[in-house]
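These numbers come from a predicted model, not from an experiment. Atom set for the values below is all heavy atoms of this structure, side chains included, hydrogens, waters and symmetry mates excluded.
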Amino acid sequence: MSTLTIRRATADDSKRLTRLVRKSAAYRGDYAAMVDGYVVGGTYIEHHPVFVAVDERQRVLGFYALLLDEAELDLAFVADDAQGLGIGRMLIEHMAGQAHAAGLGSVRVVAHPPAEDFYLRTGARRTGTVPPTGSIHWERPELRYDVS
C-alpha cells in the first residue's frame, strides 16, 4: 500500500467526499435512497471534525465525520477500490483518538446494516437498533465505541 496520511478535511474536499459517498457500492439497490442526492457540504466540513485518508497523490481513500456534541460517528466511508487495505481500521483508530482527546467516553454509531460486521471487528459493541424513519425503510444497528 502507498503512503497514507490522515488529515483534517477542508471545504475544498466537499466534492470528492460527496462523490465517494454517492458512488459507494454499499449503497446500491435497496440502500440507494440513503445517498441519493447526499452532499457532504463545505459548511458541514468546517463545523465538524471531518478527517480524510489520502495517498501520496492526495487521492481520497476514505473519510469519517465525528459529531462532538452528539458523540456520534456520523459518516465513515472507504473508497470501493481501497477496501480491505486497513484504511477503515486506521480511520476508526484515528476517530477514537480524536473522541478521547475531546473528552468523550464513548461514540455512538448508527450503522448501515452491511457495515455492522466491520464496526464489530474494530471494537464497537452493539447496543440496539434504530427503527425505520423517512426514506429509510429498514432497521439499522446501533453500536458504541468506548474511547475513554
task = Show the numbers, then the answer: is there a side-chain hydrogen bond (donor to acceptor under 3.5 Å, both in side chains) between R144 and S106?
result = CA-CA 7 Å; R144 189 161 295 279; S106 66; 3.0 Å; yes
ask   = Does the pair V107 and L66 meet the rule for a side-chain contact (heavy atoms from CB on, under 4.5 Å), with working shown?
value = CA-CA 9 Å; V107 175; L66 178 62; 3.9 Å; yes
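Atom OG of residue S24 and atom CD of residue Q83 lie 6.5 Å apart, to the nearest 0.5 angstrom. Of the inter-residue distances, the one linking T18 atom OG1 with R16 atom CZ reads 11.5 Å to the nearest 0.5 angstrom. To the nearest 0.5 Å, atom CZ of residue R126 and atom CD of residue E116 are 4.0 Å apart.
Taking 4.5 Å as the limit, every side-chain heavy atom of E142 sits out of range of all side-chain heavy atoms of T129. For the pair Q58/D13, no side-chain contact is recorded, criterion being any heavy-atom separation below 4.5 Å from C-beta on.
Of all the heavy atoms in A53 and I87, the pair that sits closest is CB-CG2, 4.0 Å. Scanning both residues, P141 and P113, for their nearest heavy atoms gives CD-CA, 4.0 Å. Heavy atoms only, all atoms of each residue included: S14 and G42 are closest at OG-N, 3.8 Å. Counting all heavy atoms, side chain and backbone alike, Y119 lies closest to A76 at OH-CB, 3.5 Å.
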Could you give the side-chain donor-acceptor pairs of residues 89-98 under 3.5 Å, partners two or more places apart or in another chain?
residue	atom	partner	partner atom	Å
R89	NH2	R121	O	3.3
H94	ND1	Y64	OH	2.6

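Within 6.0 Å of NE2 on H48 lie more than 12 heavy atoms contributed by other residues, nucleotides or ligands.
Counting only residues at least two apart or in different chains, salt bridge (charged side-chain N to carboxylate O under 4.0 Å, His left out) contacts with residues 60-72 comprise E72-R108.
Through chains of ILVMFWY side-chain contacts below 4.5 Å, L17 is grouped with L20, V21, Y27, Y31, M34, V35, Y38, V40, Y44, I45, V50, V52, V54, V60, F63, L67, L75, F77, I136, W138.
No option in V110, T127, T122, L120 other than L120 meets the side chain to side chain contact (heavy atoms under 4.5 Å, CB included) test with L143.
D146 has a carboxylate O that lies under 4.0 Å from a charged side-chain N of R125, or vice versa, which qualifies the two as a salt bridge.
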